[in-house]
Amino acid sequence: MAINGVKGFNDILPGEVEKWQHIEATARRVFELYGLSEIRIPILESTELFSRSIGDATDIVEKEMYSFVDKGGNKVTMRPEGTASVMRAFIEHKIHAKDPVARLYYLGPMFRYERPQKGRYRQFHQIGAELTGVAAPTVDAHVLTMLTQFFAELGLAEPSLQINSLGCPACRPVYREALKGFLLGRIELLCEDCVRRYETNPLRALDCKSPGCQEATKGAPSMLDYLCTDCSDHFAKTRNFLDLAGTGYSINERMVRGLDYYTRTTFEMVTGLLGSQSAVAAGGRYDGLISELGGPQLPGIGFAIGVERVALLLAEKDFSRRPELFIATMGEKAHAEAFRLMVELQRRGLSVELDYEGKSLKSQMRRADKFKSRFTLIIGEDELGRGTAPLKDMDGGTQVEVALDAALILKQVKG
RNA sequence: GUGGAUAUGGUGAAGCGGUAAACACAAACGACUGUGACUCGUUCAUACGUGGGUUCGAUCCCCACUAUCCACCCCA
């Protein structure tokens with residue numbers, strides 16, 4: 001009996017992986033344009049890191065973490081997200097001592113124990129960015145502009161940017177009470193879950209999909225009306241800078257984030273193309289997180305992109321690579337010469353294919369066609385004798401005679 | 001954790017209670033007599049998710065299990 005992969009853990013096979021490489025390369029290029037540096041963080045962290053940062057009462061921590069006790073008796077968890085790890089590293093290595101303004105990005109697998117479905121897996125991948133040490137709204141707008149550019153460079157019209165402000169520890173509790181007061185009168189309309197969350201997280205009712213909750217929250221007070229002067233000012237300036245950058249967005253005052261650490265600006269890149277997984281990227285400001293984790297009082301802002309979801313949006317595009325040259329041979333001597341040429345050309349940076357076995361010419365030509373090779377060089381006894389061989393342009397079908405010399409072939413192919 | 005759907009070859013799939021499991025694509029090889037994409041030929045599921053049961057006989061009926069997908073919850 002063959003062994004299967006673990007539920008929710010997927011292989012990314014050749015054919016699909018080229019798309020991933022393209023997404024990752026695009027992210028690296030765009031993010032580095034905006035001054036970020038890559039940071040590589042481990043997959044395993046102390047369980048406490050996540051319970052403290054993400055929030056004890058969140059679903060992620062309550063029921064979705066891959067946690068276990070290692071052989072040394074330590075409680076560890078396979079990271080369910082990247083922000084906490086990056087902030088831990090930031091604090092642990094005292095990166096702030098050198099420069100409190102750190103601009104970092106990371107990419108890699110995350111793990112959450114959930115039932116898999118479209119665009120959601122137990123091992124999934126995120127590309128994330130974290131910027132620390134800047135409270136100014138300029139950075140909010142800049143991060144959002146960078147994210148927008150990332151999607152634009154992938155050629156995606158979807159998703160679109162939505163923003164909101166969640167306020168700060170000064171104004172959010174006030175709003176929370178106001179909202180609770182509003183919902184109290186309509187509590188019988190709320191779904192079970194929202195009733196249960198009424199005390200712990202009443203804001204969730206705002207973006208609950210149940211018709212009852214949508215009805216109940218009609219006309220609910222908006223967080224935006226309760227922002228304190230500083231938060232309100234921050235939000236207004238963020239919007240101004242977004243306008244200056246020409247970055248399009250819409251305000252979604254009902255957007256709520258699932259992690260506890262968010263403050264002020266929050267955002268999502270949403271799409272209607274992925275069924276119930278509408279968020280392709282999401283993030284926000286977390287001005288209290290670093291100190292909460294034992295670091296200095298520094299603000300931060302970041303986001304994570306769901307790579308699987310981006311790949312789904314890129315579904316129809318073909319990213320497969322094609323070799324530049326295929327060498328077809330007849331006879332052992334020609335095969336040996338072709339091998340020598342292939343290696344020589346590869347050393348010079350040309351992608352070359354050669355049939356390893358001595359198959360028929362027909363078969364080799366078919367293979368060249370299957371690989372969609374741009375050119376095919378055909379070498380037999382005659383060619384060996386005269387020192388030149390036909391180089392066929394597979395797209396046009398024309399062929400020219402070239403000398404069996406790596407430099408000259410290279411010139412002809414690259415020409 | 002809950003609900004629904006589906007399980008036939010590499011893929012898309014037809015199929016009926018009863019002896020070679022259609023068709024198409026892909027793939028391999030070959031023909032067209034040293035050159036691919038067209039055409040033609042050959043090959044390609046002792047097997048229809050797994051385990052039971054009903055039956056003279058099941059891939060098609062029943063039960064259980066498992067897996068996958070989708071949805072809920074929550075989220076990237």
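Because only heavy atoms are used, hydrogens play no part in the values below, and waters and symmetry mates are left out as well, while side chains stay in. Just so we're on the same page: letters track the sequence lines, and every chain starts at 1.
Of the candidates B:U35, B:C29, B:A71, the closest approach to any side-chain atom of A:M365 belongs to B:U35. Across B:A28, B:G30, B:A76, the shortest atom-to-atom separation from the side chain of A:S360 is found for B:G30. Each of B:U35, B:C69, B:U39 was ranked by its minimum atom distance to the side chain of A:K392; first place goes to B:U35. When distances run from any side-chain atom of A:Q117 to the nucleotides B:C72, B:G30, B:A76, the shortest one goes to B:C72. For A:M330, taking side-chain heavy atoms from C-beta onward, the closest of the listed nucleotides B:G34, B:A76, B:U35 is B:G34. Here the side chain of A:Q126 is nearest to one of B:A76, B:G34, B:U35, namely B:A76. Of the candidate nucleotides B:C70, B:A27, B:G34, B:G34 has the atom nearest to the side chain of A:L361.
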Tabulate below the donor-acceptor pairs under 3.5 Å that side-chain atoms of residues 369-382 of chain A make, not counting sequence neighbours, or state none.
unit_1: A:S373; atom_1: OG; unit_2: A:F326; atom_2: N; d: 3.2
unit_1: A:S373; atom_1: OG; unit_2: A:F375; atom_2: O; d: 2.7

Side-chain donor-acceptor pairs of residues 302-310 of chain A under 3.5 Å, sequence neighbours excluded:
unit_1: A:E308; atom_1: OE1; unit_2: A:H125; atom_2: N; d: 2.9
unit_1: A:E308; atom_1: OE2; unit_2: A:H125; atom_2: N; d: 3.2
unit_1: A:E308; atom_1: OE2; unit_2: A:H125; atom_2: ND1; d: 2.8
unit_1: A:R309; atom_1: NE; unit_2: A:G119; atom_2: O; d: 2.7
unit_1: A:R309; atom_1: NH1; unit_2: A:A279; atom_2: O; d: 2.8
unit_1: A:R309; atom_1: NH2; unit_2: A:G119; atom_2: O; d: 3.2

What pairs of donor and acceptor atoms, side-chain ones from residues 35-43 of chain A against any protein atom, are under 3.5 angstrom apart with sequence neighbours left out?
unit_1: A:E38; atom_1: OE1; unit_2: A:R28; atom_2: NH1; d: 2.4
unit_1: A:E38; atom_1: OE2; unit_2: A:R40; atom_2: NE; d: 3.0

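The separation of B:A28 from B:A20, taken at their C1' atoms, amounts to 24 Å, rounded to a whole angstrom. Comparing the C1' positions of B:G15 and B:C60 gives an interatomic distance of 8 Å, to the nearest angstrom. Rounded to a whole angstrom, the distance from the P atom of B:U46 to that of B:G9 is 10 Å. The P atoms of B:A5 and B:C65 are separated by 15 Å, rounded to the nearest whole Å. A distance of about 29 Å separates the P atoms of B:U50 and B:A26, rounded to the whole Å. One P atom belongs to B:C56, the other to B:G49, and the distance between them is 24 Å to the nearest Å. Rounded to whole Å, the separation between the P atoms of B:U35 and B:G30 comes to 13 Å. With both ends at atom P, the span from B:A7 to B:G12 equals 12 Å, rounded to whole Å.
Within the structure, a side-chain polar atom (N or O) of A:R366 is placed less than 4.0 Å from OP1 or OP2 of B:A37. A:K118 has no side-chain polar atom (N or O) that falls below the 4.0 Å cut-off from OP1 or OP2 of B:A71. Residue A:K7 has a polar side-chain atom (N or O) positioned under 4.0 Å from OP1 or OP2 of B:U68.
Once rounded to the nearest 0.5 Å, the distance linking CG of A:D56 with CG of A:D260 reads 8.5 Å. Rounding to the nearest 0.5 angstrom, the gap separating the CG atom in A:L179 from the OH atom in A:Y198 is 8.0 Å. Atom CG of A:L354 is separated from atom CG of A:L345 by 11.0 Å, given to the nearest 0.5 angstrom.
Proximity of the aromatic rings of A:Y34 and A:H142 is defined here by a centroid distance below 6.0 angstrom, and this criterion is met.
For A:Q399 against B:U35, a side-chain N or O and a base N or O form a donor-acceptor pair under 3.5 Å.
Contacts of A:G397 with the nucleic acid, taken as non-hydrogen atoms under 4.0 Å apart, include base atoms. Residue A:D59 is classed as a sugar-phosphate contact, given heavy-atom separations below 4.0 Å to backbone atoms only. Among the atoms of the strands shown, none is found under 4.0 Å from any heavy atom of A:T376. Within 4.0 Å of A:E383, counting heavy atoms only, lies at least one base atom of the nucleic acid.
Protein atom OH of A:Y261 is 12 Å distant from nucleotide atom P of B:C75, rounded to whole Å. Residue A:K63 contributes atom NZ, which lies 14 Å from atom P of B:C72 at whole-angstrom precision. The nearest whole Å value for the distance from the OH atom in A:Y121 to the C1' atom in B:U68 is 12 Å. Per the geometry, CD belonging to A:E114 stands 15 Å off C1' belonging to B:C70, to the nearest Å. What separates CG of A:L312 from C1' of B:C70 is a distance of 13 Å, to the nearest Å. Between the CD atom of A:Q364 and the P atom of B:A28 there is a distance of 13 Å, rounded to whole Å. One can place CZ of A:R367 at 14 Å from C1' of B:A26, the figure rounded to the nearest angstrom. Across the protein-nucleic acid pair, A:R79 atom CZ and B:A76 atom C1' stand 13 Å apart, rounded to whole Å.
Annotation: of the two residues near RNA chain B, A:P116 and A:R122, the 5′-most nearest-nucleotide partner is A:P116. Nearer to the 5' terminus of RNA chain B, by closest-nucleotide assignment, is the contact made by A:K359 (compared with the other of A:K359 and A:D395).
Between A:S85 and A:E45, the side chains place a donor N or O and an acceptor N or O closer than 3.5 Å (distance only, hydrogens not considered). Side-chain polar atoms of A:Q21 and A:R321 form a donor-acceptor pair below 3.5 angstrom. A donor and an acceptor atom, one from each side chain of A:E32 and A:Y105, are located under 3.5 Å apart. Side chain to side chain, A:D355 and A:H335 fail the donor-acceptor criterion of an N or O pair below 3.5 Å. Side-chain contact of A:T145 with A:T247: a donor-acceptor pair under 3.5 Å is present, judged by distance alone.
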Inset, instruction - Please assess A:E114 against A:K63 for the test salt bridge (charged side-chain N to carboxylate O under 4.0 Å, His left out), listing each intermediate value before the final yes or no. - result: CA-CA 8 Å; A:E114 302 179 270; A:K63 54 186 200 190; over 6 Å; no
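RNA chain B lies under 4.0 Å from at least one heavy atom of each of the following residues of residues 281-290 of chain A: A:A281, A:A282.
Relative to the six-membered ring of A:Y113, A:R122 meets both conditions, a distance below 6.0 Å and an angle of at most 45° to the axis.
Among A:E292, A:R264, A:E130, the single residue meeting the side-chain hydrogen bond (donor to acceptor under 3.5 Å, both in side chains) criterion with A:Y286 is A:E130.
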Polar atoms only, N or O, under 3.5 Å: list the protein pairs with nucleotides 3-5 of chain B and their distances.
unit_1: B:G3; atom_1: O6; unit_2: A:R115; atom_2: NH2; d: 3.3

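Stem analysis of RNA chain B (Watson-Crick or G-U pairs, both distances under 3.5 Å, runs of at least three) returns B:1-7 with B:66-72, B:10-12 with B:23-25, B:27-31 with B:39-43, B:49-53 with B:61-65.
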